[in-house]
K.L.:
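Right, I'll just put the structure down here and ask away after.
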There are 2 protein chains.
Amino acid sequence: MRKTLKDVAALADVSSATASLALNGHSSRVSADVIERVQRAAKSLNYQPNLLARGLRTQETKTIGFISDVVTTTPFAGQMIAGAQEHAWSKGWLLLLIDTNNNPSLEAAGIDALHQRRVDGFIYASMFHRIVKIPKGLVGRQVVLLDCTDEPKKSRVDSVIPNEYEGAMSAMRLLLSQGHRRIGHVTSREVGVATVERLRAYKNALAEAKIPFDASLVAYSASADAPDGYDGAVQIFANKKAPTAVFCYTDRMAMGVYEFAQENGLSIPRDLSVIGFDDQPFLANALRPALTTVRLPHYEMGSWASERLINLVNDEDSDSTKPMRNYLQCPLVERESVAPPGS
Amino acid sequence: MRKTLKDVAALADVSSATASLALNGHSSRVSADVIERVQRAAKSLNYQPNLLARGLRTQETKTIGFISDVVTTTPFAGQMIAGAQEHAWSKGWLLLLIDTNNNPSLEAAGIDALHQRRVDGFIYASMFHRIVKIPKGLVGRQVVLLDCTDEPKKSRVDSVIPNEYEGAMSAMRLLLSQGHRRIGHVTSREVGVATVERLRAYKNALAEAKIPFDASLVAYSASADAPDGYDGAVQIFANKKAPTAVFCYTDRMAMGVYEFAQENGLSIPRDLSVIGFDDQPFLANALRPALTTVRLPHYEMGSWASERLINLVNDEDSDSTKPMRNYLQCPLVERESVAPPGS
DNA sequence: GTGAAAGCGCTAACAT
DNA sequence: ATGTTAGCGCTTTCAC
């Protein structure tokens, strides 16, 4: 049978109250001798505290509800979850997972289910960087937003997102520093934080380098996959003056640009430098030549979300009066697809 | 304040025991009128049952402990988790997640943590198909193994794994049916269920077609990534008589074979047919031409693991006397990288 | 420094 | 058909 605190107490010949004190490190309130005896008893019985009972009593579960939209279709989800889970676990917390499939009623029911299990707080994760509306079931609770933010003005909760702009800036600056002056941008027509910010950086980096913006050098494709990158390359190279480098909205699009280059006898990086964005696992590093890109810090975002949430619950960050928005750096990952023009 | 069953009972003017009965669908034991009143009261108070209290009382939590080795480094983890989570959730169950990082002491502690939260059972997941030893903390508990099995002989628990052999068979049969007679196999030196079974299928399929086995047509590389596939292709093509098709151990290796083909002016599938294994997201379908491959049914395996475990806990599969090993089919995914030789 | 007792919110036996 | 009571296993006053 399963051992309870009472069993431990009996074996150590103390009351269960004392046993509780002894096991939970309230060393000031109980004699060293008793602590010793109780711990020995607990070990010998392989005592595992019942956290349901403790949670019922203390109103804390050391459990985080992790709510995500579509886990399955993105290669980054695992990293966010891993970051969140590993930090949580390092503090003795666990993650209770729910995937809403972007279905609002599933989401509401999922939040209820989490709440009924009395999670101490919620991580609300999006699988791509965007602005979300906080679900009704989450208002008034401890929440941190992961890879998304709520409405800028009425923001009521903390969030962690990638610094798209600076990431794109560092990509552009690398190209510029290598001497490129004609740089294309292959992006998607979809409007979102990422497309907008990365394009903005593209333009500003050009301005910084005193290079006039040339609209024919940016191509907007339908989506952001390899075929879209291929299409974008086709558009850009329809110009009289071909670019010597292209900054791609995603690594997948860069993959399409690689194909275009190959078909047209362009050697990367000799004839064309290519830089991506995302550092998508098993793609960016698998391309030949390996793709220089900007890494989205999914693991770190997940980790920060956990840390922040736990601090919030423990009331340790309450000094920070207003909700914070944490922009995490997207580090440049230099590999082999960038070189000076005509090298 | 948080509403309890007592509040609901008071509002509906019944005892909390009756309210409990009414809400939990024991319609035979309580009058229709009371059910109506109680449900109305619950709704108006937005009553959320405390599952800690219920669990403490009933000794069930409708929660599964999901233990995995390295979640983060594999693109398939998300699909296994999603499969498990979505099935569980369809039954009102949730997943409590722990990632052990392949560290035995972390694993033991993680199992304890799950156990302390009184999960009803465990899914023990491996991120690649292999034979595992059941951790001590799990023996005697409800467990199903996901993408792994325990020792064949002394098997004590259920498991779900991909049918590597049949999957590889169907890949080979496709090649054969297209008329290929000289087929290479690019694989890894690493010994595991997958390498062994896929190689076995390669040999048997050849035998089935009465094609003598030619050892110079199989290349063993150090690992299973794109560069290894490239290396393998180099080895195989060092033969006097080049193969017209290559069966690759993984999609990543197939990617390396693509590079080799490209560098050597071989057009896929005209000059060389290539078939992979895994159907790795964002890779197999992104290659040009899109890679024909065999899909590892990660989502379905996860889903089955959940289903089986829940049935086990509910004692609904107890009729099946001995532990079962469920081999899931790996479907052939036909895309564009296979054609008749010399077409 | 230690024990007795109450109570977290629920369900299940047992009365009525 | 409904109410009373006990108890799941823990923590936390409050006595002593």
Side-chain angles (χ1 to χ4, degrees), chain A residues 1-39 41-42 45-63 92 112-120, chain B residues 1-39 41-42 45-63 92 112-120:
Chain A
M1 258 313 293
R2 210 162 255 167
K3 300 305 175 186
T4 74
L5 186 58
K6 218 151 92 177
D7 299 322
V8 174
L11 183 57
D13 201 32
V14 293
S15 76
S16 62
T18 306
S20 172
L21 262 1
L23 287 176
N24 294 326
H26 296 243
S27 43
S28 57
R29 307 210 26 201
V30 66
S31 72
D33 169 52
V34 165
I35 291 185
E36 167 72 18
R37 257 158 53 214
V38 171
Q39 285 179 341
L45 293 176
N46 188 27
Y47 168 67
Q48 305 275 12
N50 184 330
L51 265 37
L52 297 180
R54 177 183 292 168
L56 183 59
R57 180 66 235 235
T58 63
Q59 308 283 28
E60 309 183 333
T61 54
K62 287 184 183 294
T63 305
D112 280 351
L114 258 11
H115 178 223
Q116 292 175 4
R117 280 170 178 82
R118 294 300 184 262
V119 297
D120 294 328
Chain B
M1 257 316 292
R2 209 161 254 169
K3 300 305 175 186
T4 73
L5 187 59
K6 217 151 93 177
D7 299 321
V8 174
L11 183 58
D13 201 32
V14 293
S15 77
S16 62
T18 307
S20 173
L21 260 4
L23 288 177
N24 294 326
H26 296 241
S27 42
S28 57
R29 310 216 16 208
V30 67
S31 73
D33 170 49
V34 166
I35 291 187
E36 166 72 18
R37 259 159 52 215
V38 171
Q39 283 179 343
L45 293 176
N46 188 28
Y47 167 68
Q48 304 275 11
N50 185 330
L51 264 37
L52 297 181
R54 177 182 293 168
L56 184 57
R57 180 65 236 232
T58 62
Q59 308 284 27
E60 308 185 333
T61 53
K62 286 183 184 297
T63 305
D112 280 351
L114 257 14
H115 177 223
Q116 291 174 6
R117 282 169 176 81
R118 294 299 185 263
V119 297
D120 295 328

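Convention: sequence-line order gives letters A, B, ...; per-chain numbering from 1. All values below come from the heavy atoms of this structure, side chains included, with hydrogens, waters and symmetry mates left out.
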K.L.:
May I ask you to verify if any side-chain N or O of B:Arg54 is less than 4.0 angstrom from the OP1 or OP2 atom of C:dT11?
P.N.:
yes
K.L.:
Quick check on D:dT2: is either OP1 or OP2 less than 4.0 Å from any side-chain nitrogen or oxygen of B:Ser15?
P.N.:
no
K.L.:
Would you kindly compare B:Ala17 and A:Ala17 by the position of their nearest DNA chain D nucleotide and give the one closer to the 5′ end?
P.N.:
B:Ala17
K.L.:
Round to a whole Å and report the spacing from CG of A:Leu21 to P of D:dC14.
P.N.:
15 Å
K.L.:
With respect to the side chain of B:Arg29, which nucleotide from D:dT2, C:dG3, D:dT12 is positioned closest?
P.N.:
D:dT2
K.L.:
Rounded to whole Å, how long is the line connecting atom CZ of B:Arg57 with atom P of D:dT5?
P.N.:
16 Å
K.L.:
Decide whether A:Thr63 and B:Arg117 meet the rule of one side-chain donor and one side-chain acceptor closer than 3.5 Å.
P.N.:
yes
K.L.:
Rounding to an integer number of Å, can you tell me how far B:Leu52 CG sits from D:dT11 C1'?
P.N.:
14 Å
K.L.:
Using whole Å, report how far NZ of A:Lys3 lies from P of D:dG9.
P.N.:
12 Å
K.L.:
About how many Å separate NE2 of B:His115 and CG of A:Asn50, when rounded to the nearest 0.5 Å?
P.N.:
8.5 Å
K.L.:
Do A:Val30 and A:Val38 have side chains that get closer than 4.5 Å, going by heavy atoms?
P.N.:
no
K.L.:
Taking 4.0 Å as the cut-off, does a side-chain nitrogen or oxygen of B:Asn24 come that near to OP1 or OP2 on C:dT11?
P.N.:
yes
K.L.:
Within the structure, does a side-chain N or O atom of B:Ser31 lie under 4.0 Å from either OP1 or OP2 of D:dA1?
P.N.:
no
K.L.:
Please report, rounded to the nearest Å, how far the P atom of D:dC10 is from the CG atom of A:Leu5.
P.N.:
5 Å
K.L.:
Using whole Å, report how far CD of A:Gln59 lies from C1' of C:dC10.
P.N.:
13 Å
K.L.:
B:Thr4 side chain: which of C:dG9, D:dT11, C:dT11 is closest?
P.N.:
C:dG9
K.L.:
Out of A:Val8, A:Asp13, A:Thr18, A:Leu11, which residue meets the side-chain contact (heavy atoms from CB on, under 4.5 Å) rule with A:Arg37?
P.N.:
A:Asp13
K.L.:
From the list D:dC8, D:dT2, D:dC10, which nucleotide is the closest neighbour of the side chain of B:Leu56?
P.N.:
D:dC8
K.L.:
Specify the closest pair of heavy atoms between B:Asn24 and B:Arg54, including all atoms of both residues, with the distance to one decimal.
P.N.:
OD1-NH2, 3.7 Å
K.L.:
Rounded off to whole Å, could you give me the CG-to-C1' distance for the A:Asp13 and C:dG3 pair?
P.N.:
12 Å
K.L.:
Provide, to the nearest angstrom, the distance between the CD atom belonging to B:Gln116 and the C1' atom belonging to D:dC10.
P.N.:
13 Å
K.L.:
Does D:dG3 have OP1 or OP2 under 4.0 Å away from a side-chain N or O of B:Thr18?
P.N.:
yes
